[in-house]
Chemist: 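The structure is given below, and queries will be raised subsequently.
What's counted below: heavy atoms across the whole structure, side chains too, no hydrogens, waters or symmetry copies. Keep in mind that this is a model prediction, so the values were computed, not measured.
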Amino acid sequence: MMSNMLSNINFDNTSTLGYYLQFDFVIYALIVGVLIALCASLLGVTLVLKRYSFIGDGLSHVAFGAMAIATVLKLTNVTIIVMPVTIVVAVFLLRSGSKSMLKGDAAIAMLSVTSLAFGYLIMNVFSSSANITGDVCSTLFGSTSILTLDKTEVLICIVLSVIVIALYLLFYNKIFAVTFDETFCRATGVPAATYNFLIAVIIAVIIVLGMNLVGSLLISALIVFPALAAMRVMGTFRGVVILSVIFSVVCSLSGMIVSILYSTPVGATIVAMDLICFIICLIINKIIRGRAS
């Protein structure tokens with residue numbers, strides 16, 4: 001209903017945006033979108049450097065499977081199932097290192113495909129919805145649910161985002177150390193397993209929060225693209241993290257605004273903005289290297 005109302009109003013872009021900003025649900029969506037983008041970009045750099053770029057994709061598919069079960073059980077709050085399951089799997093994936101019979105990339109691929117297939121199978125066999133295809137597409141690629149958030153959901157997102165940011169800032173040095181040399185950390189007495197667990201929990205929370213914004217299939221782009229773009233123009237870990245946050249927030253905010261103004265899919269529009277940002281940074285990087293040579 002809200003999406004129909006948005007699409008049926010035609011003004012010029014400036015007045016249209018001003019009109020939309022009068023509605024609480026639009027303000028809520030922008031706040032949640034910026035917070036999710038900020039949190040996702042913080043850990044994106046660590047995951048890329050640890051060669052776990054696809055963990056977001058794998059966890060989002062696991063979350064989709066858990067969400068399918070919660071939907072079939074007709075739970076009013078699907079997070080009760082989705083969040084714990086995603087956290088457990090995230091811990092498993094980050095612990096499946098060189099000593100594991102199943103390597104990290106293989107584990108992600110196996111869990112990703114299995115969870116996606118299992119979730120779709122569950123929704124088809126047991127769901128009572130008349131529009132299963134629409135429900136699946138909305139979950140995979142994002143939907144207008146980001147525009148139907150109430151105050152409680154926004155408050156939960158704010159609280160979780162503050163916790164994620166606080167934990168990252170508090171343990172920044174340890175996360176930095178684990179990112180670059182986990183073996184050395186263990187040798188010097190740093191509990192690397194504990195900080196890997198912390199990273200896994202934070203990533204799982206971000207995945208669950210981000211599914212409403214960009215959907216299961218696109219959440220990994222929200223984590224990886226800003227980090228990759230920042231790495232093209234910055235040479236220090238701290239610089240990459242800061243620039244990644246800026247890129248992520250700007251792309252998310254601009255993507256949502258474009259989506260509101262032109263009625264494009266929210267998740268796909270944000271990813272398109274991230275891709276444009278990455279291409280621009282790639283061009284800047286080539287220009288800088290060309291001058292240096």
Side-chain angles (χ1 to χ4, degrees), residues 2-3 6 17 20-47 56 59-60 63 66-67 70 75-87 90 138-139 142-172 175 198-216 218-223 225-227 241-242 244-257 259-260 266-267 269-271 273-274:
M2 291 181 181
S3 59
L6 293 178
L17 182 60
Y20 290 155
L21 291 177
Q22 297 176 18
F23 296 97
D24 289 340
F25 66 87
V26 174
I27 300 298
Y28 293 161
L30 293 176
I31 291 173
V32 170
V34 167
L35 289 175
I36 292 172
L38 194 159
C39 292
S41 62
L42 288 177
L43 269 298
V45 179
T46 294
L47 292 181
L59 288 179
S60 64
M67 186 175 290
L75 297 178
T76 55
N77 186 2
V78 298
T79 308
I80 296 175
I81 287 182
V82 178
M83 186 74 76
V85 170
T86 309
I87 289 175
S138 295
T139 306
S143 65
T144 56
S145 60
I146 189 68
L147 295 174
T148 59
L149 300 173
D150 56 33
K151 288 184 178 180
T152 302
E153 291 171 319
V154 174
L155 183 60
I156 291 173
C157 182
I158 292 174
V159 171
L160 291 176
S161 298
V162 169
I163 292 174
V164 167
I165 296 170
L167 288 174
Y168 185 84
L169 294 177
L170 183 62
F171 298 106
Y172 171 82
I175 292 175
L198 177 64
I199 292 172
V201 171
I202 293 175
I203 287 298
V205 172
I206 293 171
I207 294 297
V208 175
L209 290 177
M211 284 182 64
N212 275 340
L213 181 63
V214 297
S216 296
L218 303 178
I219 185 62
S220 59
L222 204 64
I223 296 174
F225 264 126
V241 171
I242 293 174
S244 175
V245 168
I246 295 173
F247 285 162
S248 185
V249 170
V250 170
C251 289
S252 178
L253 188 59
S254 58
M256 293 185 70
I257 290 175
S259 176
I260 291 172
V266 178
T269 306
I270 292 174
V271 174
M273 292 296 176
D274 281 324

Chemist: Can you tell me how far CG of Leu59 sits from CD1 of Ile223, rounded to the nearest 0.5 angstrom?
Modeler: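 That separation rounds to 8.0 Å.
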Chemist: Under 3.5 Å, is there a donor-acceptor pair between the side chain of Ser254 and the main chain of Val250?
Modeler: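 Yes; at least one donor-acceptor contact below 3.5 Å.
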Chemist: Locate the shortest heavy-atom distance separating Ala204 from Ala90; write the atom from each residue and the value.
Modeler: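 Taking Ala204 first and Ala90 second, the nearest heavy atoms are CB-CB, 4.2 Å.
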Chemist: So Leu42 and Val245, do their side chains get closer than 4.5 Å, heavy atoms only?
Modeler: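 Touching, per the 4.5 Å side-chain cut-off.
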Chemist: Atom CD1 of Ile203 and atom OG1 of Thr86: how far apart are they, to the nearest 0.5 Å?
Modeler: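 Ile203 atom CD1 to Thr86 atom OG1 measures 12.0 Å (nearest 0.5 Å).
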Chemist: Which atom pair, heavy atoms only, marks the closest approach of Asp274 to Pro226?
Modeler: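 Answer, listing the atom of Asp274 first, then Pro226: OD1-CG, 4.1 Å.
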Chemist: Are Leu38 and Ser248 side-chain neighbours, meaning at least one heavy-atom pair lies under 4.5 Å?
Modeler: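 They are not in contact (no side-chain heavy atoms under 4.5 Å apart), so the answer is no.
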Chemist: Can you measure from OG (Ser252) to CD1 (Ile36) and round to the nearest 0.5 angstrom?
Modeler: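 Ser252 OG to Ile36 CD1: 7.5 Å, rounded to 0.5 Å.
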Chemist: Looking only at non-hydrogen atoms, find the nearest pair between Ile81 and Ala66 and report the distance.
Modeler: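 Taking every non-hydrogen atom into account, CG2-O, 3.8 Å.
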Chemist: Could you give the distance from OG1 (Thr269) to CE (Met256), rounded to the nearest 0.5 Å?
Modeler: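 One gets 10.5 Å once the value is rounded to the nearest 0.5 Å.
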Chemist: Between Ser41 and Ala37 (side chain of the first, backbone of the second, donor and acceptor by atom type, cut-off under 3.5 Å), is there such a pair?
Modeler: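 Flag set: sc Ser41 to bb Ala37 pair under 3.5 Å.
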Chemist: So how far is it from Ile202 CD1 to Leu160 CG, rounded to the nearest 0.5 Å?
Modeler: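 Rounded to the nearest 0.5 Å, the CD1-CG separation comes to 11.5 Å.
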Chemist: If you measure from CD1 on Ile175 to CG on Leu169, what distance do you get to the nearest 0.5 Å?
Modeler: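 Atom-to-atom, Ile175:CD1 and Leu169:CG are 9.0 Å apart.
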